[in-house]
Peer 1: 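Okay, here's the structure, questions in a sec.
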Amino acid sequence: METYSPFNWKLAFGIALFSFSNYITQPLYSAFVPLLLTQRLSTAAQVGAILSACNFLAMLIHPAVGALSDRTRCRFGRRRPYILSGAVSCGLFFLLIPWLEGMWSLLAVLVAYSLTVAYWRAPLSAIQVDCVPPEHIVQSNAVGSCMLALASVMAYLFSNRLVSGGADLRLVFAVGGGAAVAAALWGCSIVREEDSRQMALTERQREPGGLAAALRGQDLPALAAILLAVALAFMANSAFEYFFTLFSTEWMGLEAGRAPLYLAVYMGAYFLASLACSILRSRRTPWRMVALFLGASACVQILFFALCGSGPSMALAGAWLLCVVYGGCWGMVNIYIYPLWLSFRREGGAGNLMGLYFVCTGLASTLAPVTYGLVRDGTGTYRSLFLFCGGVFFLACALLAWAGRRQERQSPDAGRRQEV
């Protein structure tokens, strides 16, 4: 009979604070940086190109930092030095964004912010694998998703209140950057890593890091399909988050300060889905859950597109409900995609594996703004956002379903091995 150790809620909360710190600035970035760029640029494609370039540069450092953290030997542990230094730098660069008037200085700070956000994301995810027993990974990840969603809801509601009240954007960015630093400091006071200076390196950790180490011994066709599905799913959601504010101002006639309320509702539903998963234990295999909710996300986006065809008044009436449904679906995808990816973990630490994962999500963030920016310029309307997102979600669902069936055919117990 299987026995499980008790779930450590305090540890899960401490790790979740790192997620809060890493994500609190990103909803504000997605909501307001495109608006700052549109004041200086003439087309959506140009705005998308700037956002994509920042994300591309950030994507390049994920595998290197993840592998480096696996081999780090420090009295404070393997991951916390990266987490704390990254959070402080990220908060400072984020605070500077609205203060810069020149285009080149703004671009320099946007690049610096993107690099520092990416710098500590793989160590952040790897510390959960290091500290949490395998049977509690899904539950711990759900607690982290709750905190991530809470960060987004707080950011959207807070920014709406300040901007609608006539406050300067500089205050919004200052509070967001300060919250990121404070949450990371609080998390480091709870999560205590062991002194890693005496920790022995495994054979794989002694080898040079990079993609080759993470790919060795894998079922490459299935892995490639899952990586592409992950990239497509995050590409669709990134496009939604980046351009929903611009859609709402163009199509529904909302002021920029009111648009984040819809995104707050979307992240509120994400929070409730995460909260349910943190309490309940699911027996479904992760790939089935991810495929199911990717398909549901696609359907919601297509319904959004159809709703907009009835005119701005109908879009205003139905957008609340669809944001709730979509937020719940995307929350479930995020909760289960992490243990799905960990089923590919091999000897030698989680940092390298998470670095590869964030290459895919970084590629999605890189391609989403410029790809949809071109679609928007071609169609002439932000209504096309939902047709674009729905189609990309459907493709991700099909790829993941194919990879899951392939794994089940090759090994009858593949589904059981994926229960992390």
Peer 1: Please name the pair of heavy atoms, one in Phe244 and one in Cys323, separated by the smallest distance, quoted to 0.1 Å.
Peer 2: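 Heavy-atom minimum between the residues: CZ-SG, 4.3 Å.
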Peer 1: Using only heavy-atom distances, determine whether the side chains of Tyr113 and Thr25 contain a donor-acceptor pair under 3.5 Å.
Peer 2: yes
Peer 1: Taking C-beta and beyond as the side chain, do Val117 and Phe93 meet within less than 4.5 Å on heavy atoms?
Peer 2: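 Answer no - side chains too far apart.
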Peer 1: In Å and rounded to the nearest 0.5 Å, what is the CG to CZ distance from Leu395 to Phe393?
Peer 2: 12.0 Å
Peer 1: Nearest 0.5 Å, please: how far is CD1 in Ile15 from CE in Met147?
Peer 2: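 Interatomic distance, Met147 CE to Ile15 CD1, rounded to 0.5 Å: 11.5 Å.
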Peer 1: Check the side chains of Ser238 and Tyr372 for a donor-acceptor pair under 3.5 angstrom, ignoring hydrogens and angles.
Peer 2: no
Peer 1: Going through the checks in order, is the ring-ring contact (aromatic ring centres under 6.0 Å, His included) test met by Phe293 and Tyr336?
Peer 2: CA-CA 10 Å; Phe293 285 102; Tyr336 282 95; 7.8 Å; no
Peer 1: To check you understand the geometry: which heavy-atom pair defines the closest contact between Gly102 and Ser105, and what is its length?
Peer 2: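 Heavy atoms of Gly102 and Ser105 come nearest at O-OG, 2.9 Å.
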Peer 1: Is it the case that the side chain of Ser189 and the backbone of Trp186 share a donor-acceptor pair, with hydrogens and angles ignored and the cut-off at 3.5 Å?
Peer 2: yes
Peer 1: Side chain to side chain contact (heavy atoms under 4.5 Å, CB included) between Leu303 and Val325: does it pass, once the steps are laid out?
Peer 2: CA-CA 11 Å; Leu303 284 174; Val325 177; over 6 Å; no
Peer 1: As a test of understanding, state which of Phe386, Phe240, Phe388 forms a ring pair (Phe, Tyr, Trp, His ring centres under 6.0 Å) with Phe247.
Peer 2: Phe386
Peer 1: Within the distance-only criterion (no hydrogens, no angle test), does the side chain of Thr38 pair as donor or acceptor with the backbone N or O of Pro34 below 3.5 angstrom?
Peer 2: yes
Peer 1: Mind listing the closest non-hydrogen atom pair of Arg376 and Ser384 along with its distance?
Peer 2: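 Shortest heavy-atom contact: CA-OG, 4.3 Å.
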Peer 1: Nearest 0.5 Å, please: how far is OG1 in Thr116 from CZ in Phe94?
Peer 2: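 Rounded to the nearest 0.5 Å, the CZ-OG1 separation comes out at 11.0 Å.
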Peer 1: Once rounded to the nearest 0.5 Å, what's the spacing between atom CG of Leu107 and atom SG of Cys54?
Peer 2: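 With rounding to 0.5 Å, CG (Leu107) is 6.5 Å from SG (Cys54).
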Peer 1: Return the minimal non-hydrogen interatomic distance between Phe20 and Ala183, and the atom names on each side.
Peer 2: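 That closest heavy-atom pairing would be CD2-CB, 3.5 Å.
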Peer 1: Walk me through whether Arg40 and Leu106 qualify under side chain to side chain contact (heavy atoms under 4.5 Å, CB included).
Peer 2: CA-CA 11 Å; Arg40 297 167 171 82; Leu106 176 61; 3.8 Å; yes
Peer 1: Could you state the interatomic distance from SG (Cys188) to CZ (Arg79), rounded to the nearest 0.5 Å?
Peer 2: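 If I round to the nearest 0.5 Å, the distance is 14.0 Å.
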Peer 1: Please name the pair of heavy atoms, one in Phe18 and one in Ala184, separated by the smallest distance, quoted to 0.1 Å.
Peer 2: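 For Phe18 versus Ala184, the nearest heavy atoms are CE2-O, 3.7 Å.
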Peer 1: Taking the side chain as everything from C-beta on, heavy atoms only, tell me whether Phe305 gets closer than 4.5 Å to Cys389.
Peer 2: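 Of all side-chain heavy-atom pairs linking Cys389 with Phe305, none is under 4.5 Å.
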Peer 1: Would you check, one step at a time, whether the test side chain to side chain contact (heavy atoms under 4.5 Å, CB included) holds for Tyr270 with Asn334?
Peer 2: CA-CA 9 Å; Tyr270 184 114; Asn334 269 271; 3.2 Å; yes
Peer 1: Any side-chain hydrogen bond (donor to acceptor under 3.5 Å, both in side chains) pairs touching residues 386-397, not counting sequence neighbours?
Peer 2: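 Applying side-chain hydrogen bond (donor to acceptor under 3.5 Å, both in side chains) to every pair that reaches into residues 386-397, excluding sequence neighbours, yields nothing.
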Peer 1: Please examine the side chains of Leu11 and Gln128, heavy atoms only from C-beta on, and report whether any two atoms are closer than 4.5 Å.
Peer 2: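 No. Closest side-chain heavy atoms not under 4.5 Å.
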Peer 1: Considering only heavy atoms from C-beta outward, does the side chain of Cys90 approach that of Tyr119 to under 4.5 Å?
Peer 2: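 A side-chain contact is absent here, since even the closest heavy-atom pair is not under 4.5 Å.
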Peer 1: Under 3.5 Å, is there a donor-acceptor pair between the side chain of Ser140 and the main chain of His136?
Peer 2: no
Peer 1: Side chains of Trp120 and Leu84: closer than 4.5 Å at any heavy-atom pair?
Peer 2: no
Peer 1: Please tell me if the side chains of Val392 and Thr371 come closer than 4.5 Å, counting only heavy atoms from C-beta onward.
Peer 2: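 Not touching, per the 4.5 Å side-chain cut-off.
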Peer 1: Can you name the residues that form a side-chain contact (heavy atoms from CB on, under 4.5 Å) with Val324, not counting sequence neighbours?
Peer 2: Val265, Ala269
Peer 1: Do Pro123 and Val65 come close enough that some side-chain heavy atom pair is under 4.5 Å?
Peer 2: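 In short, these two side chains touch, coming nearer than 4.5 Å.
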Peer 1: Quick check for you: to the nearest 0.5 Å, what is the distance between Met267 atom CE and Leu272 atom CG?
Peer 2: 11.0 Å
Peer 1: Val143 and Ala16: which non-hydrogen atoms are nearest, and at how many Å?
Peer 2: O-CB, 3.9 Å
Peer 1: Please output the side-chain donor-acceptor pairs of residues 226-237 that fall under 3.5 Å, not counting sequence neighbours, one pair per line with the distance.
Peer 2:
unit_1 : atom_1 : unit_2 : atom_2 : d
Asn237 : OD1    : Tyr266 : OH     : 3.1
Asn237 : OD1    : Tyr326 : OH     : 2.4
Asn237 : ND2    : Glu241 : OE2    : 3.3

Peer 1: Do you know which of Ile302, Leu294, Leu399 makes side-chain contact (heavy atoms from CB on, under 4.5 Å) with Phe394?
Peer 2: Ile302
